[in-house]
Amino acid sequence: MRLSQFHLATVKEIPADAEIASHKLMLRAGMIRRLASGLYTWSPLGLRVLRKVENVVREEMNRAGAIELLMPSVQPRELWEETGRWEKFGGQLLKIKDRKQQEFCYGPTHEEVITDFARNELKSYKQLPVNFYQIQTKFRDEIRPRFGVMRAREFLMKDAYSFHLTQESLAATYAVMYQAYTRIFTRLGLSFRAVQADTGAIGGNASHEFQVLADSGEDAIAFSDGSDYAANIEKAEALAPTNTRPTATAALQQVATPTQKTIEDVAAFLGVSPDRCVKTLLLRGRDGLVALCLRGDHQVNEVKAAKLDELGGESILASEEEILAAIGTRPGFIGPVGLPDSIPVIVDRDAAVLADFVCGGNADGTHCTGANWARDARISRIADIRNVVEGDRSPDGEGILHIARGIEVGHVFQLGTKYAEALDAVVLNDQGKTQVMTMGCYGIGVSRIVAAAIEQRHDDAGIVWPEAMAPWRVAVCVINPKHLPEVSEAAQALYEALNAHGIETVLDDRGLRPGGMFADMELIGIPHRVVISDRGLTAGTLEYRGRTETESRAITQEQLFDLLG
RNA sequence: CGGGGUAUAGCUCAGUCUGGUAGAGCGUUGCGUUUGGGACGCAAAAGUCGGGGGUUCGAAUCCCUCUGCCCCGACCA
């Protein structure tokens, strides 16, 4: 590509509301333009990168035996009624009506459509297993779109759905997809980690997320330094403490804490550390309020909590009014001591081994000191309901846990029969009997990968693309093309030679001053730069500089081809 | 959904408190000089000050209202 014939649109100034590096750099490089909240146009430059990612994904999916198809982005309400998700999916589902007032949604995902396709197309176990995928635009009406294409409302996703007769077959395809994902992210040059993920309300058997490691990531992941254990913090189990509860030595006392409502304030006020306090949360349970007790320095894990029988799938905090009505105090002073018998008290494993602890006094402006389980407070059940923290023992018993941040770019999931059952997707098995298929689903956030890569790879000058994602591998920059015809001819010749060797090259023939040209090529992250000038022409060498190098070096054309492989 | 902010030239923003001729930088266009790390000079085009209503002799500015966008929060007491 000759840049004079391209639309490169870098800018110096960007809106102040771009917060993270990838968002800023994508705007500055002119890869994307915002159309409306969470909606972006991909410029010619941005699209080149997006296509690179897409093609790697497509190649590896094909290699792994998946078959590409394309489903509509607009989907009829009736299909979503069949799985009950028309209502259950919530506000993220963008609902639209056509001229006949028929209702549709813009697809946030395609389980319904693919399962409908499968129930019509697949009739025999002989057609299984099969794995269909598409690369398609999705729309999720996010509560708060942010970070550019990282959390946009409209985004490009690769989603695959596999169909099986048996769990063993599903597990096999799942493993193949896991391997394919590992290849994809490795080829894309990303530093990533596959982590165990929560299977959510669907309750499937296995699920892994592929997380690109970046400090700006919205997910927290826990990984062991003594094994390959890694899990989303939502999923990571906090092991029971090894010590048992000491015997009570202190007497229960009620103390005045007039304005101290947070653990930090109470602990500081009473001169104890937060890990000697018990914090109590009241949630809406299946049959009335439920109390959760945790050590003051720990945080409740909502995913774990929601799975408690007492809560029945959701973890919703009780309102101040409900709490006032039930126990006569407000948030900030709740404690396990003297709670009504009707409220189950679920105690975290670590909170359960505390003795002589501090907790809320169940009266405004009071806390208790010297509280002890059994003697002063009832335990209905002990459970793991907290987030793991840095330094916890790894659940597999090997090493200790560390916490890192990640950007979820892929998710593989053994769905089971949930959708196939709801939509009656059945085949005849080898006994001639009708059998519901079991499913897997495998997603990759194609557009998000572009942002995630930049998060991971950038410097002061701009983006530092991995070779596999760069819009072009090489930039040939011409200095002062108008002065000497030989200079622009030499640049042209090199440009053509590189492309002829299958090395994607861009020729910067815009005639900019060198500073502007170099700055642009660095901003848009081209891995290799070759400068052609009268200076080099006289010397018979090319001036080469890699994107992350700080000095140029003189090399021959032969050396350049060697270097580019 | 709650709270806060914001909307002025293509972009980034001043100007609003204290009402009185619409501003800057970047970008764009033309001419000239320049040409190895985002050049310089001269000239120019460019705005329904988000929409609607009101107050006023007069509104970007004050009041009401609608809308878009952004930020924070939406359980961790």
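Order of the sequence lines fixes the chain letters, A, B, ..., with proteins taken first and strands second; residue numbering starts at 1 for each chain.
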For this session: Quickly work out the A/Lys12 NZ to B/G37 P distance and round it to whole Å.
Result: 15 Å

For this session: Select from A/Asn301 and A/Asp534 the residue whose nearest nucleotide in RNA chain B is closer to the 5' end of that strand.
Result: A/Asp534

For this session: In whole angstrom, give me the gap between the P atoms of B/G47 and B/A24.
Result: 14 Å

Problem set entry | Presence of salt bridge, A/Glu19 and A/Arg146, under 4.0 angstrom | no

For this session: Write down the distance separating the P atoms in B/G15 and B/U61, rounded off to the nearest Å.
Result: 15 Å

Problem set entry | Pairwise C1' distance, B/U18 and B/C72 [rounded to whole Å] | 32 Å

Problem set entry | Which residue lies more 5' along RNA chain B, comparing A/Val11 with A/Ile323 via nearest heavy atoms | A/Val11

For this session: Under 4.0 Å between any heavy atoms, over every strand shown, what does A/Arg28 touch: base, sugar-phosphate, or nothing? Just pick one.
Result: base

Problem set entry | Closest to the A/Asn480 side chain, choosing from B/G73, B/U35, B/A77 | B/U35

Problem set entry | B/U8 to B/C62 separation - P atoms, rounded to the nearest Å | 16 Å

Problem set entry | Between P of B/A77 and CG of A/Leu324, the distance in whole Å | 19 Å

Exercise. Take atom CD in A/Glu390; do more than 12 heavy atoms of anything else shown fall under 6.0 Å from it?
Worked result: yes

Seminar exercise, completed: A/Ile233 atom CD1 is separated from B/C76 atom C1', nearest whole Å, by 13 Å

For this session: Give none if B/C49 has no partner; otherwise give the nucleotide forming a Watson-Crick or G-U wobble pair with it, both distances under 3.5 Å.
Result: none

Exercise. Considering only the C1' atoms, how many Å lie between B/C70 and B/G30, rounded to the nearest integer?
Worked result: 39 Å

Problem set entry | Charged tip of A/Arg448 within 45° of A/Phe155 ring normal and under 6.0 Å | no

Problem set entry | Minimum-distance nucleotide to A/Arg529 side chain [options: B/G37, B/C71, B/C11] | B/G37

Exercise. OP1, OP2 of B/A74 versus side-chain N and O of A/Arg144: anything below 4.0 Å?
Worked result: no

Problem set entry | Options B/C70, B/A77, B/C71, nucleotide nearest the side-chain atoms of A/Ser37 | B/C70

Problem set entry | Separation between the C1' atoms of B/A22 and B/C49, rounded to whole Å | 8 Å

Exercise. Looking across every strand, which nucleic acid part, if any, lies under 4.0 Å from A/Ile143 by heavy atom: base, sugar-phosphate, or nothing?
Worked result: base

Exercise. According to the Watson-Crick and G-U wobble definitions, with both distances under 3.5 Å, which nucleotide is paired to B/A7?
Worked result: B/U67

Seminar exercise, completed: A/Ile20 CD1 to B/C70 P, in whole Å, measures 14 Å

Exercise. Between A/Thr280 and B/A77, does any side-chain N or O lie under 4.0 Å from OP1 or OP2?
Worked result: no

Exercise. Does the pair A/Arg295/A/Asp348 count as a salt bridge with the N-to-O cut at 4.0 Å?
Worked result: no

Exercise. Picking from B/U35, B/A77, B/C76, which would you name as closest to the side chain of A/Leu281?
Worked result: B/A77

Problem set entry | Donor-acceptor contact below 3.5 Å, side chain A/Lys304 vs main chain A/Ala236 | yes

Exercise. Is B/C17 paired to anything, Watson-Crick or G-U wobble with both distances less than 3.5 Å, and if yes, which nucleotide?
Worked result: none

Exercise. Would you say the side-chain atoms of A/Asp509 pair up with the backbone N or O of A/Arg2, donor to acceptor, closer than 3.5 Å?
Worked result: no

Problem set entry | Paired nucleotide for B/U28 [Watson-Crick or G-U wobble; both distances under 3.5 Å] | B/A44

Exercise. Using a cut-off of 4.0 Å on non-hydrogen atoms, how would the nucleic acid contact of A/Leu283 be classed: base, sugar-phosphate, or nothing?
Worked result: nothing

Problem set entry | Proximity to RNA chain B (any heavy atom under 4.0 Å), residues of residues 510-527 of chain A only | A/Arg513, A/Pro514, A/Gly515, A/Gly516, A/Phe518, A/Ala519, A/Asp520, A/Glu522

Exercise. Does the distance from a Lys or Arg side-chain N to an Asp or Glu carboxylate O, for A/Glu209 and A/Lys235, drop under 4.0 Å?
Worked result: no

Exercise. B/G37, B/G73, B/A77: which one has an atom nearest the side-chain heavy atoms of A/Arg545?
Worked result: B/G37

Problem set entry | Heavy-atom neighbours of A/Asp459 CG exceed 12 at 6.0 Å | yes

Exercise. Rounded to whole angstroms, how far apart are CG on A/Leu317 and P on B/C76?
Worked result: 7 Å

Problem set entry | Separation of A/Glu408 CD from A/Asn232 CG (nearest 0.5 Å) | 7.5 Å

Exercise. Mind checking what makes salt bridge (charged side-chain N to carboxylate O under 4.0 Å, His left out) contact with A/Asp392, not counting sequence neighbours?
Worked result: A/Arg386

Exercise. Less than 3.5 Å between a donor and an acceptor, one on the side chain of A/Glu13 and one on the base of B/G27, is that the case here?
Worked result: no

Exercise. If you measure from the P atom in B/G23 to the same atom in B/C40, how many Å do you get, rounded?
Worked result: 24 Å

Problem set entry | Integer-rounded Å distance: B/G37 P and A/Asp508 CG | 15 Å

Seminar exercise, completed: Paired to B/G2 by Watson-Crick or G-U wobble criteria (both distances under 3.5 Å) is B/C72

Problem set entry | Atom C1', compared across B/U12 and B/U21: separation rounded to whole Å | 26 Å

For this session: Can you tell me the distance, in whole Å, between the CD1 atom of A/Ile479 and the P atom of B/G37?
Result: 8 Å

Exercise. To the nearest Å, how far apart are A/His483 NE2 and B/U33 P?
Worked result: 11 Å

Exercise. Who does B/A39 pair with, Watson-Crick or G-U, both distances under 3.5 Å?
Worked result: B/U33

